[in-house]
Amino acid sequence: MYSKKIVFIEPSVALEEIYGGLAKVGAVSPPLNLLLLAAIVRERGYAPHIIDCPALGLTYGDVIGRLKKINPRFVGLTAMTPHIMQAGKLAKAIKAAVPEAIILLGGAHISSVPEETMLRFPDIDIGFIGEADYSLPELLDTVNKGNAASTVKGTISREHSQLINTGQRGEKIKLDDLPLYAWDILEGFPYIYKTPLFAAHRTPATPILTSRGCPGKCIFCYSGCHKTISTYSAEYIINMLKHLKERYDIREFMLFDDNFVTFRENLKKLLNMLIEKKLDLTWSCNARVDMVNQEMLNLMAKAGCWQISYGIETGNQRIMDLLGKNITKEKVCRAIDMARSAGIRTVGFFMIGHFGETQETIDETIEFACNCGLDDFRMTFFTPLPGTKASLMADEYGAFENEWEGMNLFSPVFIPRCLTKKQLIENQKRAMRKFFFRPRPVLSYLKMVKNPIIALRGAYMLGQYVLKGNNH
Ligand code: SF4
């Protein structure tokens, strides 16, 4: 059956499933990867639809109802490890209700463990390994012509009850050759999307990606373990920002790049263009502490950057080294100081329950987080995700519940030798209280919020966040 209809689905995940009692502070972001793939296949003559279940609050029944109306040949799902079980369940429901649809799955999880994922979820017909920008349109054309999926590089498919894995594609993706994301087919965009707690100065706001990958080699991170890095040119990024401003009135951006400062020359050009063009945009980003400098941060602030998030992970140097962070506590403090001098707010991302973690290293981390000058703080549980180096090392350092179901970063699945699960949860709550019940973070939040209604709502949400912690 030849057909150009494809439906991309972000699987349904109730916010409560991810954030527990903190669902009210949970963010719902547009599915950027699906938006781009939809735009790519549209350029090739396909008719894409996007169903974003978390944003629309859809049940499996709702999704099936929509699919029956559209009657697509292809259904494309995406999932990282925290959502893989929902993707598998949705695939099963789709296969039962719309058996003629070919179910595709992409994302970091299947890219990391393709065979295990295909064996675990027999309703997935074809998986993508790595970036699917080139392999997806090629696959659709191939299958539509009646040829086998196994002729397409970068896929895993089933043939005579065997799995055929054609391996990663070798070519570098030229981001500037790709179309703009298909925001125009995203129902409710931008108004139904929720920004993370205190992540935006003004609304509507949206996340975007200006580059892919990170030069870091952190053992727990998918980006650190899979080395492809690429960027859009400064001109392309400006065009994307202008499009979002003119078409959707968006002036606030969350740059979700793993490390926004990887491509220095391009970044400098982009910042100067933002300043010259006076686009009146504000934005926040993530960066490695060892890749920023004062001149860069000053220019970023001038170009509209008001917040920068640093991945710090721990306050113990031995653990930092073990994680492959390749940074020092001194570099962390310097990066925070430089951001503050530039007038940029700082957020530190930490984890608890590392390899070799003890009560002493936890205390050291909490002290460090409270005293290194950060304005804001997040702490999740260290999780050896499939396909990372950490997943291969976990048994050496403690007890690892290697079940995809529990790997959401908000509940501990790895318990270091000297600690218990209960201790990890209690210490995480203690860290939140110690950090936030101090004048500095409170003042920093107050400075951010000028509207009293937003301030009250924010205070309520922050109170819930601090008192309950991240875990369920
Ligand atoms: S610096 Fe951040 S994004 Fe880069 S590899 Fe390390 S954890 Fe991943």
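Indexing begins at 1, ligand by ligand and atom by atom, following the structure's order. These values consider heavy atoms only, across backbone and side chains, with no hydrogens, waters or symmetry-generated copies.
- Applying the 4.0 Å criterion to heavy atoms of C214 picks out, from ligand 1, the atoms 1 (S), 3 (S), 4 (Fe), 5 (S).
- Residue C218 counts as close to atom 6 (Fe) of ligand 1, with an N, O or S atom under 2.8 Å.
- Salt-bridge check for E115 with R120: failed, with every basic side-chain N at 4.0 Å or more from each acidic carboxylate O.
- Neither the backbone nor the side chain of Y222 comes within 4.0 Å of ligand 1, counting heavy atoms alone.
- Under 4.0 Å is where a charged nitrogen must lie from a carboxylate oxygen, and between R212 and D133 at least one such pair does.
- Contacts between C221 and ligand 1 below 4.0 angstrom, taking non-hydrogen atoms only, involve the side chain exclusively.
- For R417 and E357, the salt-bridge test fails: no basic side-chain N is under 4.0 Å from an acidic carboxylate O.
- Per-residue contacts place G216 under 4.0 angstrom from the following atoms of ligand 1 (heavy atoms of the residue considered): 5 (S).
- Near R288, meaning under 4.0 Å from one of its heavy atoms, ligand 1 places the atoms 1 (S).
- Near F220, with a cut-off below 4.0 Å to any heavy atom, the atoms of ligand 1 are 7 (S).
- Between F410 atom CZ and F381 atom CZ the span is 10.0 Å, to the nearest 0.5 Å.
- Each of T262, D257, N266 was compared with T210 under the side-chain hydrogen bond (donor to acceptor under 3.5 Å, both in side chains) criterion, and only D257 meets it.
- For R288 and D290, the salt-bridge test passes: some basic side-chain N is under 4.0 Å from an acidic carboxylate O.
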